[in-house]
Amino acid sequence: MTAYIFRSILTMFFTLFVISILTFILIRSIPGSPWDTERQLPARTVAILNETYNLDAPLHKQYTDYMGAIIIPRIVKNERPKNASEKFWVDIPIMGTDLAFRWMNFGPSYASRGRRNVQEIFSQNLPVSAQLGLAAFAIAILLGIPFGVLAALYRNSFIDYLTMGIAITGVSLPVIISGPILRYLFGVLWQDTPFGLPPTGWGTWQHMIMPAFSLGFASSAILARLTRAS
């Protein structure tokens with residue numbers, strides 16, 4: 001068991017490593033640069049920006065510098081950054097010293113210029129994604145296992161056909177279709193009824209119902225089929 005877990009962890013890290021290389025190469029192979037806008041910048045300005053953000057370095061050095069900034073933790077003096085490549089670190093001061101702990105530097109966001117770094121995007125979006133993921137997981141468990149158990153107990157009966165029919169619908173209906181349908185029904189068509197739900201926004205449990213159900217229902221359908229087969 002220990003050997004299996006160890007191999008699984010190694011396989012996971014190797015897969016992430018290969019994906020990171022392929023993603024990095026594919027992104028760099030796309031024509032253009034982060035500085036392309038409707039108004040073309042002077043060549044000198046583009047050269048300065050590329051040098052500032054290390055985009056003029058060889059491809060392998062860009063990759064090793066980027067991955068090193070993410071993986072390798074550093075303890076440095078807690079002072080103002082000397083160049084643009086350092087200002088995207090998140091400093092965690094070490095109490096009683098003038099040192100700071102730096103780790104997981106994902107660099108600047110070229111798409112969201114108004115934000116300081118990618119960490120800010122993570123800090124804003126990860127909590128919402130975690131809440132939505134947990135809610136969808138709970139719905140998948142609460143729907144999938146009971147449906148699968150009922151279908152197994154009443155095999156080849158009306159209950160079996162009904163639950164498996166719902167499961168097949170959930171497997172066949174992608175989230176990109178079920179989401180807008182739920183949004184139209186509960187957020188627009190039935191908005192003024194007791195079944196109405198907010199179509200946009202986040203912050204209350206009502207906002208969570210439609211997206212969590214849309215994601216969880218697809219997973220519950222697969223889980224119900226697996227439970228019945230077991």
Side-chain angles (χ1 to χ4, degrees), residues 12 15-16 19-20 23 26-27 30 34 37 70 87-92 103-152 159-230:
M12 178 186 68
T15 304
L16 291 175
I19 292 175
S20 69
T23 304
L26 289 174
I27 291 297
I30 297 175
T37 59
I70 295 174
K87 73 179 181 179
F88 302 106
W89 288 99
V90 174
D91 289 341
I92 303 177
W103 192 32
M104 303 291 286
N105 174 26
F106 289 91
S109 171
Y110 300 119
S112 302
R113 302 287 179 83
R115 304 189 184 186
R116 183 168 176 262
N117 51 40
V118 176
Q119 280 90 331
E120 291 185 5
I121 300 176
F122 286 163
S123 63
Q124 293 175 7
N125 296 318
L126 277 180
V128 176
S129 298
Q131 294 172 23
L132 180 57
L134 290 174
F137 177 75
I139 290 176
I141 295 294
L142 294 175
L143 292 180
I145 293 180
F147 276 13
V149 171
L150 284 174
I159 295 178
D160 182 16
Y161 298 146
L162 177 62
T163 53
M164 286 301 99
I166 295 174
I168 292 174
T169 302
V171 173
S172 306
L173 193 64
V175 177
I176 196 172
I177 300 298
S178 62
I181 291 176
L182 291 176
R183 187 177 180 182
Y184 172 73
L185 291 177
F186 294 95
V188 178
L189 192 62
W190 299 333
Q191 178 65 48
D192 298 329
T193 69
F195 303 102
L197 293 171
T200 59
W202 192 264
T204 65
W205 63 270
Q206 290 94 338
H207 292 101
M208 193 181 300
I209 293 177
M210 282 194 290
F213 183 83
S214 183
L215 292 172
F217 180 65
S219 301
S220 69
I222 299 173
L223 189 58
R225 292 173 61 86
L226 292 175
T227 303
R228 180 188 184 278
S230 315

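Bear in mind the structure is a predicted one, so any value in this text is a computation, not a measurement. Along the sequence shown, residues are numbered consecutively beginning with 1.
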List the atom pairs, donor and acceptor, that lie under 3.5 Å between side-chain atoms in residues 167-177 and the rest of the protein, sequence neighbours left out.
{"unit_1": "T169", "atom_1": "OG1", "unit_2": "G165", "atom_2": "O", "d": "2.9"}
{"unit_1": "S172", "atom_1": "OG", "unit_2": "I168", "atom_2": "O", "d": "2.8"}

| query | Taking only residues two or more places apart in sequence, or in another chain, which ones meet S214 in a side chain to side chain donor-acceptor pair (under 3.5 Å)? | reply | S178
side-chain contact (heavy atoms from CB on, under 4.5 Å) involving [X] - partner list, sequence neighbours excluded:
{"X": "S230", "value": "none"}
{"X": "T15", "value": "T11, I19"}
{"X": "A212", "value": "L132, A135, I139, M208"}
{"X": "F137", "value": "I141"}

| Restricting to pairs with a member in residues 209-230, which pass salt bridge (Lys or Arg N to Asp or Glu O under 4.0 Å), not counting sequence neighbours? | D160-R228
| query | What pairs of residues pass the side chain to side chain donor-acceptor pair (under 3.5 Å) test when at least one of them lies in residues 131-148, not counting sequence neighbours? | reply | Q131-W202
| request: Name all pairs fulfilling the side chain to side chain donor-acceptor pair (under 3.5 Å) condition that reach into residues 137-149, sequence neighbours left out, sorted by first residue then second. | output: none
| Those residues that, when tested against R183, pass salt bridge (charged side-chain N to carboxylate O under 4.0 Å, His left out) (two or more places apart) |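 With neighbours one apart ignored, the set is empty.
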Minimum heavy-atom distance [X]-[Y], with the two atoms named:
{"X": "P198", "Y": "M210", "result": "O-CE, 3.4 Å"}
{"X": "A151", "Y": "M164", "result": "CB-CE, 3.8 Å"}
{"X": "P199", "Y": "Q191", "result": "CD-OE1, 3.9 Å"}

About how many Å separate [atom2] of [Y] and [atom1] of [X], when rounded to the nearest 0.5 Å?
{"X": "L143", "Y": "T163", "atom1": "CG", "atom2": "OG1", "result": "12.0 Å"}
{"X": "L189", "Y": "I181", "atom1": "CG", "atom2": "CD1", "result": "12.5 Å"}
{"X": "F213", "Y": "L197", "atom1": "CZ", "atom2": "CG", "result": "11.5 Å"}

| said: For W190, give me all partners under ring-ring contact (aromatic ring centres under 6.0 Å, His included), at least two apart in sequence or on another chain. | reply: F186
| task | Output all residues satisfying ring-ring contact (aromatic ring centres under 6.0 Å, His included) with F147, sequence neighbours left out; order by chain, then residue number. | result |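 Expected list: none.
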| remark: From the list I145, I159, T227, side-chain contact (heavy atoms from CB on, under 4.5 Å) partner of L150 resolves to I159
